[in-house]
Amino acid sequence: MSDARDTSCDPAGASGQPGRVGLASDLLDWYDRHARALPWRIPPLARVAGVKPDPYRVWLSEIMLQQTTVPAVKPYFEKFTTRWPTVSDLAAAEDADVMAAWAGLGYYARARNLLKCARAVASDHGGIFPQSYEGLLSLPGIGPYTAGAVAAIAFDLPATVVDGNVERVMARLHDEHTPLPEAKPILTEMAASLTPQARPGDYAQAVMDLGATVCTPRNPVCGLCPWRRSCAAWDAGTMAELPKKTPKKRKPTRHGIAYLARRIDGAWLLETRPEKGLLGGMLGWPGSEWSDDPQEAPPIRAEWKTVPGEARHTFTHFHLRLTVKTCLVPFDRPPERGTFVEADTFDPEDLPTVMRKAFSLARGG
DNA sequence: GATACGTGGTG
DNA sequence: TCACCAAGTAT
């Protein structure tokens, strides 16, 4: 781990401190000048002046940011913090309201675990988040990354935070060619050995910001990097090919049928999907199974018409081509599955994206 | 360790 | 069009 290059070229090393401290300090200097302003972030100057982050906002942002970009998260973060300003407010919310508010953001298990976690904090911890890595890790939806991030950012504990950005930065800094996920423990050890005791919260955010804005997956901007002089991949010219990753499987294509039934008073036939599995707990159109050759499964007796075209959508591990069928039914006909939702209560924004696409196709948009 | 789990942006 | 990628977790 103690690469000679780490110490040979940095001022702190020359002044007698270990090279790793020099690297952390260089990065914090960079962060003080280049930290992005984000709705959940306390700017470095304010942090140094003693302003503390709200653990609820840190936790909420970190859950939303899992596998999700900053621009996608921003409006959802504003919506959640406006509607539920504290963890106790969130804990008291209805499941359906939270799932509807999360609709469109993806990875819906996050929303289910978000509520479980808020309720655990409210009922088992008096509405206060546990202030330790282990305590945080024990909560639903909080894994090693998020426990470290909240510990560091909210409580300024010297936790090592390893996300995709940090993996990439470490792989390049040390010119590590072992492919992910095999390299994860190695990269984690590298990250741990760099984590400073001073300002761990700012440092955690700084490494991730570096990865997000300078040490990017494609076209890294090495000319602006505070760690360029210490970067082994820069020396070797291998930045563009790191980190190595084991190749992913091709996605198969599945087919399905979505049934959009409208009652004469304008109500729509919807159903809440089972808690487990794909789109678990979300509102959606009744439908067939998604497979090579789906079987008809109309949720109500009616004269169904097939909408021309298909709704196409790609999930994490397969492509979906959805045939959309519509019908109009009388007021007194009971459905075999699902529940009619009054027209003035129904908002397509409450649906996951694939279901919105089916709705758009049916409406001719 | 491998797999399931969303979505939108990008080259 | 298409594969890759993003502040991962649960099983």
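Quick caveat: nothing in here was measured; it's all calculated off a predicted structure. Heavy atoms only: backbone and side chains are in, while hydrogens, waters and symmetry mates are out. Lettering of chains follows the sequences in order, A, B, ..., and the numbering in each one begins at 1.
Per the geometry, CG belonging to A:Leu114 stands 16 Å off P belonging to C:dG8, to the nearest Å. Distance CG (A:Leu320) to C1' (B:dT7): 14 Å, rounded to an integer number of Å. Atom CZ of A:Phe315 is separated from atom C1' of C:dA3 by 18 Å (rounded to the nearest Å). Rounded to an integer number of Å, the gap from A:Leu180 CG to C:dC4 P is 14 Å. When the C1' atom of C:dA6 is taken as reference, atom OH of A:Tyr145 falls 11 Å away, rounded to whole Å. Across the protein-nucleic acid pair, A:Ile142 atom CD1 and C:dG8 atom C1' stand 12 Å apart, rounded to whole Å. One can place CZ of A:Arg218 at 12 Å from C1' of C:dC2, the figure rounded to the nearest angstrom. Note: NZ (A:Lys245) to C1' (C:dC5) measures 7 Å, nearest angstrom.
A search for side-chain hydrogen bond (donor to acceptor under 3.5 Å, both in side chains) contacts involving A:Asp350 returns nothing, not counting sequence neighbours. For A:His34, the ring-ring contact (aromatic ring centres under 6.0 Å, His included) partners at least two apart in sequence or on another chain are A:Trp30. Legend: residues meeting ring-ring contact (aromatic ring centres under 6.0 Å, His included) with A:Trp227, ordered by chain and number and at least two apart, are absent. Applying the side-chain hydrogen bond (donor to acceptor under 3.5 Å, both in side chains) test to A:Thr188 and every residue at least two apart in sequence or in another chain returns nothing. For A:Gln66, the side-chain hydrogen bond (donor to acceptor under 3.5 Å, both in side chains) criterion is met by A:Thr146, not counting sequence neighbours.
Among the nucleotides B:dG9, C:dA6, C:dT1, the one closest to any side-chain atom of A:Arg312 is C:dT1. Looking at the side chain of A:Tyr108, the nearest of the listed nucleotides B:dT7, C:dA6, B:dT10 is B:dT7. In the set B:dT7, C:dG8, C:dA6, the nucleotide with an atom closest to the side chain of A:Tyr107 is C:dG8. Side-chain atoms of A:Pro217 lie closest to C:dA6 of the nucleotides C:dA6, B:dG6, C:dC4. When distances run from any side-chain atom of A:Val354 to the nucleotides C:dC5, B:dT7, B:dG6, the shortest one goes to B:dT7.
Sequence neighbours left out, the pairs with a member in residues 117-140 of chain A that pass salt bridge (Lys or Arg N to Asp or Glu O under 4.0 Å) are A:Asp95-A:Arg119. Sorted by first and then second residue, the ring pair (Phe, Tyr, Trp, His ring centres under 6.0 Å) pairs with a member in residues 236-267 of chain A read A:Tyr259-A:Trp304; sequence neighbours excluded.
By the 4.5 Å side-chain criterion applied to Ile, Leu, Val, Met, Phe, Trp and Tyr, A:Met239 is assigned to a cluster that also includes A:Trp234. In this structure, A:Leu137 shares a hydrophobic cluster with A:Tyr133, the cluster being traced through Ile, Leu, Val, Met, Phe, Trp and Tyr side chains under 4.5 angstrom apart.
One finds a side-chain N or O of A:Arg168 lying less than 4.0 angstrom from the OP1 or OP2 phosphate oxygen of C:dA6. For the pair A:His313 and B:dT7, the criterion of a side-chain N or O lying under 4.0 Å from OP1 or OP2 is met. In this structure, A:Thr146 reaches the C:dT9 phosphate: one of its side-chain N or O atoms is under 4.0 Å from OP1 or OP2.
Counting any heavy atom pair closer than 4.0 Å across all strands shown, A:Gly104 reaches sugar-phosphate atoms only and no base atom. Here A:Lys251 lies out of heavy-atom contact (under 4.0 Å) with every strand.
Here, B:dG6 and C:dT11 have their P atoms 14 Å apart, quoted to the whole Å. With both ends at atom C1', the span from C:dA6 to B:dG1 equals 23 Å, rounded to whole Å.
Aromatic ring centres of A:Phe315 and A:His313 lie closer together than 6.0 Å. The distance between the ring centers of A:Trp268 and A:Phe340 does not fall below 6.0 angstrom. The aromatic ring centres of A:Trp285 and A:Phe346 sit less than 6.0 Å apart.
A donor-acceptor pair under 3.5 Å is formed between the side chain of A:Ser61 and the backbone N or O of A:Val58.
Nearest-nucleotide positions on DNA chain C place A:Arg250 closer to the 5' end than the other of A:Arg250 and A:Lys276. Residue whose closest nucleotide on DNA chain B sits further toward the 5' end, between A:Arg112 and A:Pro185: A:Pro185.
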What does the list of N/O pairs under 3.5 Å between the protein and nucleotides 2-4 of chain B look like, with a distance for each?
residue : atom : partner  : partner atom : Å
B:dT3   : OP1  : A:Lys249 : NZ           : 2.9

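The stretch residues 30-44 of chain A touches DNA chain C through A:Arg36, A:Leu38, A:Trp40, A:Arg41, each having a heavy atom under 4.0 angstrom from the strand. Contacts between residues 56-75 of chain A and DNA chain B, counted as heavy-atom distances below 4.0 Å, involve A:Gln67, A:Thr68.
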